[in-house]
S.K.: 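Supplied in structure tokens, the structure appears directly below.
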Amino acid sequence: MFWNEKYERLERKELETLQVRRLRKLVETVYEKVPFYRKKLSEKAIVPSQITSLESLTHLPFTTKDDLRKNYPFGMLTTALADIVEIHASSGTTGTATVVAYSREDVALWSEVMARTIACTGGTPKDIVHNAYGYGLFTGGLGFHYGALELGATVVPVSSGGTKRQIRLMQDFGATILTSTPSYALHMAEVASEMGVDPVSTSLRIGIFGAEPWSEGMRRELEKAWGITACDIYGLSEIIGPGVAVECPGKEGLHLWADHFLPEIIDPNTGEVLDEGQDGELVLTTLTKKAMPLIRYRTGDITSITYQPCPHCGRTAPRISKLRGRTDDMLVIRGINVFPSQIESVLLEIEEAKPHYQLVVTRTKGLDELEIWVEVDEKFFSDEVRKLETLEKKIQDEIESVLALRTKVKLVEPKSIERSMGKAKRVIDKRVI
Amino acid sequence: MLVKQISVFLENRSGRLHEVSEVLKKADINIRALSLADTSDFGILRLIVDRPDMAQQVLKNSGFTISQTEVLAMEVEDRPGGLAQILAVCDSGGINVEYMYAFVEKSGRNAVVIFRVENPDRSIALLQKSGIRLLSADEVYAL
């Protein structure tokens, strides 16, 4: 189903014309109203009237998370606080918190792109959306909430936590769409089974999972466990929250709403723009946001892009590939790039292991070691040491064949790795550098 | 002639073994024999108890990873060469011993040794034919 067919199916040429017009207006606004951008643009000797094509974009300066921190809390706003109707903030666990402010128009935009997003996965006004993303400063919960309202669906704002109660509510209300992080959806399926509820017997038909990278293997696991179509959603609070891009049931890339968010893929080291199909860092410019628009924001997410119309749903909105990881999640172990999602894919292929894992990085005598804690599946627990050691070795070998890296696998007791309600914390880096 | 053994997966984490014993204590289960196999990062605790099914249930309820295995309990003469005699039978009969451990209690004047073998049914026949006495499950739980 289309929510806004005209804009979801723009011809490439029409899309570009629209993007250029909006980009120019955006540059005019920030040049006039945001001292930070005025200074940055002046340094590059750019004036708004120079924006005549998409090519002009490559001359514009980047915006980084650090820029947002330095302008905490309201330095990036184009308007007076009186025009702001909602404020979100990141947790600030890795530095100063970053603030995102929305005007009334921005909330309307958010609702629009989220309604498109839910519809793109197959959602309709008849659906009952069990929204287990956290409500609060995190944008996940409210983003889905606004989208479901706009779509005219029924939203159950259950937020995260209280898993047993969630399972009961899902059954009682007959939820048809589950929105949560993929790791929490997996945990919910486990809890449902423990309660004697077969997850497949529920009315769920669609899952929209995001806020953390997840693999194709995990998708299969979730689809099988719940009997659903599982779609990946992408977004980030700095840009708008959830609602930047989403998969249709064809699951061949995430449709990015490029009439509002202008994408580029760059080489994260040189900043050079890469061609269609090449892996690099996603950079986004918010074309239509009012209160806190961003120019060429470095997302830190690694992906690639294609403008080929989707063979499944017919949308022309460009598609980004499922995220490969983040420039800052990427672990470099003995010179080899490791994304936690790669390890997850390997584990999901191994019947005896569960996809709950933790990566522990240590450094002994200048040498990095990656230890992978894996929960042993109860069904395969053997009283013979040899069989468990064989399993450890099997996992080690599989990972080595994928990463070309020797790791140490450690079997741990089932359910001993902490289940997260929000983003799963996969990596413990104990290296002192 | 098969005796139920309970195996528990244990991470190398301090206090874990103690937790197992506390769970069994609360359920009033008596440990008859045990062996602990350990590697650098995990251990497997093998137990013979007076009420194996109950033990399995309470441990499982407490969140432990459990498996039940069938093992053989043999009487071994308590003298030099007693064990060698039994292993000679195993050896010549092609019985592969995965692991073994001894009971503290005796059965009359004989020692009792637990054997985990690859092919229990074939082993039972072979051992009995060679005059080795195997204890029944009830005899073992009541030792």
Side-chain angles (χ1 to χ4, degrees), chain A residues 163-164 187 190-191 193-196 347 350-362 364 369-397 399 406-419 428 430, chain B residues 2-20 23 33-49 52 55-73 96-101 114-120:
Chain A
T163 309
K164 282 188 180 163
H187 175 60
E190 265 182 3
V191 173
S193 303
E194 278 169 21
M195 290 165 68
L347 292 179
I350 296 175
E351 199 190 4
E352 299 93 324
K354 290 199 167 184
H356 295 292
Y357 64 94
Q358 186 117 55
L359 306 182
V360 181
V361 193
T362 54
T364 323
E369 291 288 345
L370 178 60
E371 202 169 275
I372 303 168
W373 296 3
V374 183
E375 288 187 2
V376 59
D377 192 315
E378 204 145 35
K379 292 197 289 286
F380 296 98
F381 169 55
S382 161
D383 66 314
E384 287 169 51
V385 172
R386 187 160 42 91
K387 285 191 181 151
L388 294 181
E389 284 182 337
T390 305
L391 173 59
E392 283 186 338
K393 187 160 180 326
K394 179 176 167 189
I395 299 172
Q396 246 160 31
D397 291 347
I399 287 172
R406 196 75 193 152
T407 58
K408 179 174 176 355
V409 170
K410 179 178 163 179
L411 294 178
V412 297
E413 293 176 21
K415 309 226 168 68
S416 66
I417 292 174
E418 198 187 329
R419 300 295 192 266
I428 299 174
K430 293 181 174 169
Chain B
L2 291 167
V3 176
K4 287 177 181 173
Q5 171 195 266
I6 305 296
S7 304
V8 189
F9 180 81
L10 292 175
E11 269 175 62
N12 274 359
R13 194 142 52 85
S14 63
R16 214 50 189 140
L17 196 53
H18 178 214
E19 284 166 39
V20 174
V23 170
L34 63 80
S35 116
L36 182 63
D38 72 308
T39 70
S40 58
D41 50 48
F42 64 85
I44 300 171
L45 176 66
R46 301 165 185 137
L47 298 164
I48 304 289
V49 297
Q56 175 161 13
Q57 196 55 48
V58 293
L59 286 168
K60 204 172 157 58
N61 291 348
S62 302
F64 286 96
T65 305
I66 306 294
S67 77
Q68 209 182 78
T69 322
E70 288 179 322
V71 293
L72 303 178
N96 200 359
V97 179
E98 300 281 350
Y99 56 78
M100 51 178 276
Y101 54 98
I114 297 291
F115 280 79
R116 166 98 161 96
V117 294
E118 254 174 13
N119 187 336

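Sequence lines set the chain letters: A, B, ... in the order given, protein chains first and strands last, and positions in each chain run from 1. Owing to the predicted nature of the structure, the values given are computational and were not obtained by experimental measurement.
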S.K.: Checking A/K410 against chain B: side chain, backbone, both or neither under 4.5 Å from a heavy atom?
M.R.: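 Interface part for A/K410: both.
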S.K.: How about B/F9 and A/L411: do any of their side-chain heavy atoms sit closer than 4.5 Å?
M.R.: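 They are in side-chain contact.
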S.K.: Quick check on the interface: out of A/E392, A/E389, A/K415, A/R386, who has the most heavy-atom pairs with chain B under 4.5 Å?
M.R.: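 Sorted descending by pairs with chain B, the first entry is A/E392.
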S.K.: Could you measure the distance from the CD atom of B/E118 to the CD atom of A/E384? Nearest 0.5 Å is fine.
M.R.: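 The distance works out to 8.0 Å.
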S.K.: What are the two closest non-hydrogen atoms of A/L388 and B/I44, and how far apart are they?
M.R.: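 Taking every non-hydrogen atom into account, CD1-CD1, 3.7 Å.
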S.K.: Tell me every residue that passes side chain to side chain contact (heavy atoms under 4.5 Å, CB included) with B/S67, counting only those two or more places apart in sequence or in another chain.
M.R.: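 By the side chain to side chain contact (heavy atoms under 4.5 Å, CB included) rule, B/S67 matches A/F381, A/D383, B/S7, B/T69.
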S.K.: Go through the atoms of B/Q5 and report whether side chain, backbone, both or neither lie under 4.5 Å from a heavy atom of chain A.
M.R.: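 Side chain only.
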S.K.: Going by ring pair (Phe, Tyr, Trp, His ring centres under 6.0 Å), name the residues that satisfy it together with B/Y99, two or more places apart in sequence or in a different chain.
M.R.: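 Per chain and number, B/Y99 pairs via ring pair (Phe, Tyr, Trp, His ring centres under 6.0 Å) with no residue.
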S.K.: What residues of residues 12-19 of chain B make heavy-atom contacts with chain A at a cutoff under 4.5 angstrom?
M.R.: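 Residues B/R13, B/R16 are the ones that qualify, each having a heavy atom under 4.5 Å from chain A.
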S.K.: Distance only, no hydrogens: is a donor on one side chain within 3.5 Å (strictly under) of an acceptor on the other, for A/S416 and B/E11?
M.R.: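 Yes, side-chain donor-acceptor contact under 3.5 Å.
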S.K.: Among residues two or more places apart or on two chains, list those pairs meeting salt bridge (charged side-chain N to carboxylate O under 4.0 Å, His left out) that have a residue in residues 35-46 of chain B.
M.R.: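 Only A/K408-B/D41 qualify under salt bridge (charged side-chain N to carboxylate O under 4.0 Å, His left out).
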S.K.: Answer with side chain, backbone, both or neither: which region of B/L45 has an atom nearer than 4.5 Å to a non-hydrogen atom of chain A?
M.R.: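 Interface part for B/L45: neither.
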